[in-house]
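Here is the structure we will look at, set down as structure tokens.
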Amino acid sequence: MSQQSSPRGTFLKIADVVRGQIEADDEMTELPSAAEVMRDHGVSRGVALRVFGVLQKEGIAEPVPGGRWRVIRRGESIDRRPLAERLADVIADDELSVGAAFPSAATLSARFDVSRPTISKALDRLQAAGLLSEGKQGKQRTVLALPNQEEGSKP
């Protein structure tokens, strides 16, 4: 920081650097961590988080629950609906009927590329909505109702 006469706008300059890294590397899928930004640019955590905010506003990056910020490429089609809604789609996508076994948290974790605790929270929401049975250790959840019948009013 001593190299600069004013710290104002530092986060914008760092955002420019990170944006340049994204544009230069087509394989880049994640932003550097906040710790890496802090270390590489000699700034506070608050400044690093402001960098991520700028890139998010520009539509270049988005936060990933429980993970790093993800790079968004132009033309990329990503389902940004809540995980619980996407899990409810599994019932139709896998052609499950009432009483059918629902995929395990481990299977869903791999399928949606999120952590098991994140999957568990979404499964709890489907259970609260009456779509799935209670999940117990050693006992697989089952489908109690079809989403179109239970959630017809939800988007």
Side-chain angles (χ1 to χ4, degrees), residues 11 14-15 17-19 21-41 43-155:
F11 70 99
I14 298 170
V17 170
V18 175
R19 189 180 311 101
Q21 291 171 340
I22 293 168
E23 292 168 358
D25 184 359
D26 290 338
E27 301 297 315
M28 186 176 186
T29 59
E30 293 181 336
L31 295 183
S33 68
E36 291 168 337
V37 171
M38 291 166 56
R39 181 195 66 227
D40 294 347
H41 299 280
V43 295
S44 68
R45 182 170 181 77
V47 171
L49 296 178
R50 288 184 78 181
V51 169
F52 298 149
V54 167
L55 297 173
Q56 182 178 21
K57 271 188 174 179
E58 293 175 358
I60 296 172
E62 69 181 356
V64 176
R68 288 186 169 193
W69 284 70
R70 193 178 76 73
V71 173
I72 300 173
R73 302 283 178 187
R74 297 212 187 278
E76 195 174 24
S77 176
I78 297 170
D79 190 349
R80 289 187 167 80
R81 294 178 300 147
L83 182 59
E85 287 182 28
R86 293 185 288 152
L87 289 180
D89 288 348
V90 168
I91 295 170
D93 294 347
D94 292 3
E95 299 179 358
L96 302 176
S97 58
V98 173
F102 198 74
S104 69
T107 300
L108 294 168
S109 178
R111 182 170 172 175
F112 289 92
D113 195 27
V114 296
S115 69
R116 286 180 61 176
T118 301
I119 289 288
S120 294
K121 288 177 187 176
L123 289 172
D124 289 344
R125 288 190 179 121
L126 294 180
Q127 177 186 333
L131 295 176
L132 297 179
S133 66
E134 183 179 358
K136 295 181 180 178
Q137 188 169 352
K139 184 179 177 194
Q140 197 166 8
R141 291 179 188 264
T142 57
V143 177
L144 296 178
L146 301 177
N148 292 341
Q149 296 169 349
E150 286 291 316
E151 297 187 304
S153 63
K154 291 186 180 179

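All of these numbers come straight from a predicted model, not from anything done at the bench.
- Nearest heavy atoms, Pro147 versus Ala88: CG-O, 3.5 Å.
- Asp40 meets the side chain to side chain donor-acceptor pair (under 3.5 Å) test with no other residue; sequence neighbours excluded.
- Annotation: the span from Met28 atom CE to Arg70 atom CZ amounts to 12.5 Å, rounded to 0.5 Å.
- Taking each heavy atom of Ser97 and Val143 in turn, the nearest pair found is O-CB, 3.5 Å.
- For Glu58, the salt bridge (charged side-chain N to carboxylate O under 4.0 Å, His left out) criterion is met by Arg19, not counting sequence neighbours.
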Subject >> Trace of the side-chain contact (heavy atoms from CB on, under 4.5 Å) decision for Ile22 with Arg73 >> reply: CA-CA 9 Å; Ile22 293 168; Arg73 302 283 178 187; 3.5 Å; yes
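- Between Arg141 and Asp124, at least one side-chain nitrogen of the basic residue sits less than 4.0 Å from a carboxylate oxygen of the acidic one, meeting the salt-bridge criterion.
- The salt bridge (charged side-chain N to carboxylate O under 4.0 Å, His left out) test applied to Glu36 returns Arg68, not counting sequence neighbours.
- Checked against side chain to side chain contact (heavy atoms under 4.5 Å, CB included), Pro63 has the following partners two or more places apart in sequence or in another chain: Gln56, Trp69.
- Distance OG1/Thr29 to CD1/Ile72: 12.5 Å, rounded to 0.5 Å.
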Could you go through residues 101-112 and list every donor-acceptor pair under 3.5 Å that involves a side-chain atom there, pairing it with any protein atom two or more places apart or in another chain?
from, atom 1, to, atom 2, distance (Å)
Ser104, OG, Thr107, N, 3.1
Ser104, OG, Thr107, OG1, 2.9
Ser109, OG, Val114, O, 2.4
Arg111, NH1, Asp94, OD1, 3.4
Arg111, NH1, Asp94, OD2, 2.9
Arg111, NH2, Asp94, OD1, 3.1

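- Of all heavy-atom pairs spanning Ala15 and Val54, the tightest one is CB-CG1, 3.8 Å.
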Subject >> Stepwise side-chain contact (heavy atoms from CB on, under 4.5 Å) check, His41 with Val47 >> reply: CA-CA 10 Å; His41 299 280; Val47 171; over 6 Å; no
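- Under the salt bridge (charged side-chain N to carboxylate O under 4.0 Å, His left out) criterion, Arg50 pairs with no residue at all, not counting sequence neighbours.
- How far OG of Ser33 is from CZ of Arg39: 7.0 Å, rounded to the nearest 0.5 Å.
- A distance of 15.0 Å separates NZ of Lys121 from CG of Leu126, quoted to the nearest 0.5 Å.
- For the atom pair CD1 (Ile119) and CG (Leu83), the distance works out to 4.5 Å, reported to the nearest 0.5 Å.
- A donor-acceptor pair under 3.5 Å links the side-chain atoms of Ser133 to the main chain of Thr142, judged by distance alone.
- Residue-environment remark: CZ (Arg116) stays at or below the threshold of 12 foreign heavy atoms within 6.0 Å.
- Between the CG atom of Leu132 and the CG atom of Leu96 there is a distance of 9.5 Å, given to the nearest 0.5 Å.
- Counting only heavy atoms from C-beta outward, the side chains of Leu87 and Arg125 never approach each other to under 4.5 Å.
- The shortest side-chain heavy-atom distance between Val71 and Leu55 does not fall under the 4.5 Å cut-off.
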